[in-house]
Amino acid sequence: MLQVYNTLSGKKEEFTPIEEGKVRMYVCGLTVQNYSHVGHIRSVVNYDVIRRYLEYKGYDVYFVQNFTDINEKIVARAREEEMSPSELAEKYTRAYLEDIARMNIKTADAYCTATVNIEQMINIIEQLMERGYAYESEGNVYFSVEKFPDYGKLSGRNIEEMDAGSRVNVKEDKKHPLDFALWKKVKDDDVKVWDSPWGPGWPGWHIECSTMAGKFLGHKIDIHGGGTDLIFPHHENEIAQSEACFGEKPFVKYWLHNGTIDLSGEKMSKSLGNFYTTREVLDKYSADILRYFLITKHYHSPVEFSYEEMDKAEISFKKIRNTRNDVHQITEQIPDKSDSSFEIKSFLNKIDSFEEAFFAAMDDDFNTARALGELHNFTGEINSLINSPDFQITEETRFVLKKAEDKLNTVLEILGFSTGQKKAAASEQEQLNEELISYILDLREQARREENWSLADSIREDLSQRGIKVKDTSHGPTWKIEDDE
RNA sequence: GGCGGCAUAGCCAAGUGGUAAGGCAGGGGACUGCAAAUCCUUUAUCCGGCGGUUCGAAUCCGCCUGCCGCCUCCA
């Protein structure tokens, strides 16, 4: 049974989608004003894993993500880069899509942007005004929080307390300090604005998510995700707008929030200027390692990013990957013998208990940290088995290890790691290459048998120079094309 | 000032009532021509502090201390 922590209730709840077998999922994307940073990518990886897991469990998931492509920041950044806001947004949207492709993120079923949905937003703002939830003031339109009794239910606040403690300068044209903009008047002559019944301007930030979630997923959705820093006011305001306009509640059944990435104890963010972009980290480490680093912690917790910890993650992840590769090498080989006295049947139980433990962890609010711990236990068992002195490759051991390999591939796939096995699509050229490498290694084995270590070592070194890493094992040499790790 | 969260070994990190997963680093072995990898073993009588509830708490309650997030743009 899958349980998820719902910010709305503050508890873990059993996950049951609104419509059986289907999951409608909306995740706040980013303001496309710059390259994505590690904090963004953590969020993306997190919901990628959640989505993959839901799909693995058989749900038909429809996943939508937005881009905020117009606001004051975009305009400011566009000036800096001397281009139009739309050009800037396009540039960084494209960069983002490149980043997530490198990260092996499954693409959303739909991406949406604010600027192509202005009409729908205006429509919703009009409805809110008709229903008395919103008012116009000097060309701006605000949502009136006092008209929405549930305001604060997500973030656990109430209007009176907030009002008392407010330290923010309040715009005088608001009826209540917490009222937020649905439509903003913009008088900048150099910037493209949109016409509206209230004059030229552009939409407030929050309305785009209500509008687009409603448009693509309907008025009630199963999962809405984002960073903890969006709980208030962004998601609180989304609830207010959507429930007030569509009249259905709850707008979102499960609110999921991921923790932020910190640097030296402070939140990594563009406004603080303390961030590492996704691409600069990916220039140093593979996507798998960054992903591993991110999911060894529970997704709610804040995570301190550092290259020291990335180095540890690299070593730790490679253990898992090496085991997967070693097992694969064995299952690909022709058995030495048809049978032997080596006892392996009991290992099937270990495969089963691993499976059980792994999925129990994932069912517990997507506890990837625990799941990875179980994975390490399992790879340890496998290594212990295949490295034991009397291990032999027989039909039987191969059969059992094939099961283990399949299990490993399944969980690595769920967690979104690259599976790396591209054997199926090997071209003729690749096959020829493989045959040549096998041939070279056969010659090297001959040299080794003759204890011609200098020749054997220089062959290994030369191959390594060409990106082919050779490893001598008790079952003979293995090789692989070096990845960028 | 308000709301919320966190505090587990040298580091990272699971664990929400039954007696401390996992990874990194370190110690000791093994395997090995070398390299790479791997295995075994070891490292918290204790979970920020003080009280309380309980047969029993890192886990529940109270107080205290420290750190962080949000309340302004933010994944």
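Residue numbers start from 1 in every chain, and the chains themselves are labelled A, B, ... in the order their sequence lines are given, proteins ahead of strands.
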Using 0.5 Å steps for rounding, measure from the CZ atom of R444(A) to the CD1 atom of I459(A).
7.0 Å

Counting any heavy atom closer than 4.0 Å, what does [X] reach on the DNA or RNA strands: base, sugar-phosphate only, or nothing?
{"X": "I261(A)", "answer": "base"}
{"X": "H376(A)", "answer": "sugar-phosphate"}
{"X": "H298(A)", "answer": "sugar-phosphate"}
{"X": "G373(A)", "answer": "base"}
{"X": "G39(A)", "answer": "base"}
{"X": "G29(A)", "answer": "sugar-phosphate"}
{"X": "I231(A)", "answer": "nothing"}

Is the shortest side-chain N to carboxylate O distance from [X] to [Y] below 4.0 Å?
{"X": "R94(A)", "Y": "E90(A)", "result": "yes"}
{"X": "E138(A)", "Y": "K185(A)", "result": "no"}
{"X": "D188(A)", "Y": "R79(A)", "result": "yes"}
{"X": "D288(A)", "Y": "R321(A)", "result": "no"}

Using atom [atom1] of each nucleotide, how far apart are [N] and [M] to the nearest Å?
{"N": "rG52(B)", "M": "rC71(B)", "atom1": "C1'", "result": "34 Å"}
{"N": "rG15(B)", "M": "rC47(B)", "atom1": "C1'", "result": "10 Å"}
{"N": "rC67(B)", "M": "rA57(B)", "atom1": "P", "result": "30 Å"}
{"N": "rG48(B)", "M": "rU59(B)", "atom1": "P", "result": "8 Å"}
{"N": "rU8(B)", "M": "rA20(B)", "atom1": "C1'", "result": "9 Å"}
{"N": "rA14(B)", "M": "rA7(B)", "atom1": "C1'", "result": "15 Å"}
{"N": "rC63(B)", "M": "rC70(B)", "atom1": "C1'", "result": "25 Å"}
{"N": "rG5(B)", "M": "rG23(B)", "atom1": "P", "result": "32 Å"}

Tell me: [atom1] of [X] to [atom2] of [N], nearest whole Å?
{"X": "M268(A)", "N": "rA75(B)", "atom1": "CE", "atom2": "C1'", "answer": "11 Å"}
{"X": "D364(A)", "N": "rA13(B)", "atom1": "CG", "atom2": "P", "answer": "18 Å"}
{"X": "D229(A)", "N": "rA75(B)", "atom1": "CG", "atom2": "P", "answer": "7 Å"}
{"X": "H300(A)", "N": "rU16(B)", "atom1": "NE2", "atom2": "P", "answer": "13 Å"}
{"X": "H235(A)", "N": "rC3(B)", "atom1": "NE2", "atom2": "P", "answer": "22 Å"}
{"X": "E314(A)", "N": "rA25(B)", "atom1": "CD", "atom2": "P", "answer": "12 Å"}
{"X": "D365(A)", "N": "rG5(B)", "atom1": "CG", "atom2": "P", "answer": "15 Å"}
{"X": "N377(A)", "N": "rA14(B)", "atom1": "CG", "atom2": "P", "answer": "16 Å"}

Mutual orientation of the aromatic rings belonging to H206(A) and H234(A) [parallel < 30°, tilted 30-60°, perpendicular > 60°]:
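Aromatic pair H206(A)/H234(A) classed tilted.
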
Ring pair (Phe, Tyr, Trp, His ring centres under 6.0 Å) involving [X] - partner list, sequence neighbours excluded:
{"X": "H298(A)", "value": "H300(A)"}
{"X": "F358(A)", "value": "F354(A)"}
{"X": "H235(A)", "value": "H224(A), W255(A), H257(A)"}

Heteroatom pairs (N/O) under 3.5 angstrom, protein to nucleotides 8-12 of chain B:
unit_1	atom_1	unit_2	atom_2	d
rC11(B)	O2'	E309(A)	OE2	2.9
rC11(B)	O2'	K312(A)	NZ	2.9
rC11(B)	O2	K312(A)	NZ	3.0
rC12(B)	O4'	E309(A)	OE1	3.2
rC12(B)	O2'	K297(A)	NZ	3.2

What is the pairing partner of [N], taking Watson-Crick or G-U wobble pairs with both distances under 3.5 Å in any strand?
{"N": "rA21(B)", "value": "none"}
{"N": "rC67(B)", "value": "rG5(B)"}
{"N": "rA44(B)", "value": "none"}
{"N": "rU72(B)", "value": "none"}
{"N": "rG33(B)", "value": "none"}
{"N": "rG62(B)", "value": "rC50(B)"}
{"N": "rU16(B)", "value": "none"}

Cation-pi check, K12(A) to F15(A): give yes when NZ or CZ is under 6.0 Å from the six-membered ring centre and within 45° of the ring axis, no otherwise.
no

Please tell me which of H234(A) and T228(A) maps to the more 5' nucleotide of RNA chain B, matching each residue to the nucleotide holding its nearest heavy atom.
T228(A)

Reading RNA chain B from 5' onward, which residue's closest nucleotide shows up sooner: Y299(A) or S43(A)?
Y299(A)

In 5'-to-3' order, the base (B), backbone-only (S) or no-contact (-) status of each nucleotide in nucleotides 32-39 of chain B, using a 4.0 angstrom heavy-atom cut-off, is -BBBBSSS

Would you sort out whether N34(A) and R77(A) count as a side chain to side chain contact (heavy atoms under 4.5 Å, CB included), showing the intermediate values?
CA-CA 8 Å; N34(A) 207 330; R77(A) 289 277 298 121; 3.6 Å; yes

Check whether the ring centres of [X] and [Y] lie less than 6.0 Å apart, and answer yes or no.
{"X": "F216(A)", "Y": "Y26(A)", "answer": "no"}
{"X": "Y96(A)", "Y": "F67(A)", "answer": "yes"}
{"X": "Y92(A)", "Y": "Y35(A)", "answer": "yes"}
{"X": "F317(A)", "Y": "F417(A)", "answer": "yes"}

Please tell me which of the listed nucleotides, [options], lies nearest to the side chain of [X]?
{"X": "A369(A)", "options": "rA25(B), rG69(B), rA13(B)", "value": "rA13(B)"}
{"X": "S301(A)", "options": "rC70(B), rG23(B), rA14(B)", "value": "rA14(B)"}
{"X": "K267(A)", "options": "rA75(B), rC3(B), rG15(B)", "value": "rA75(B)"}

Can you sort out which residues in residues 44-53 of chain A have a heavy atom within less than 4.0 Å of RNA chain B? Ascending by number, please.
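Contacts with RNA chain B under 4.0 Å: none.
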
Output yes when at least one side-chain N/O atom of N367(A) is less than 4.0 Å from OP1 or OP2 of rG15(B), else no.
yes

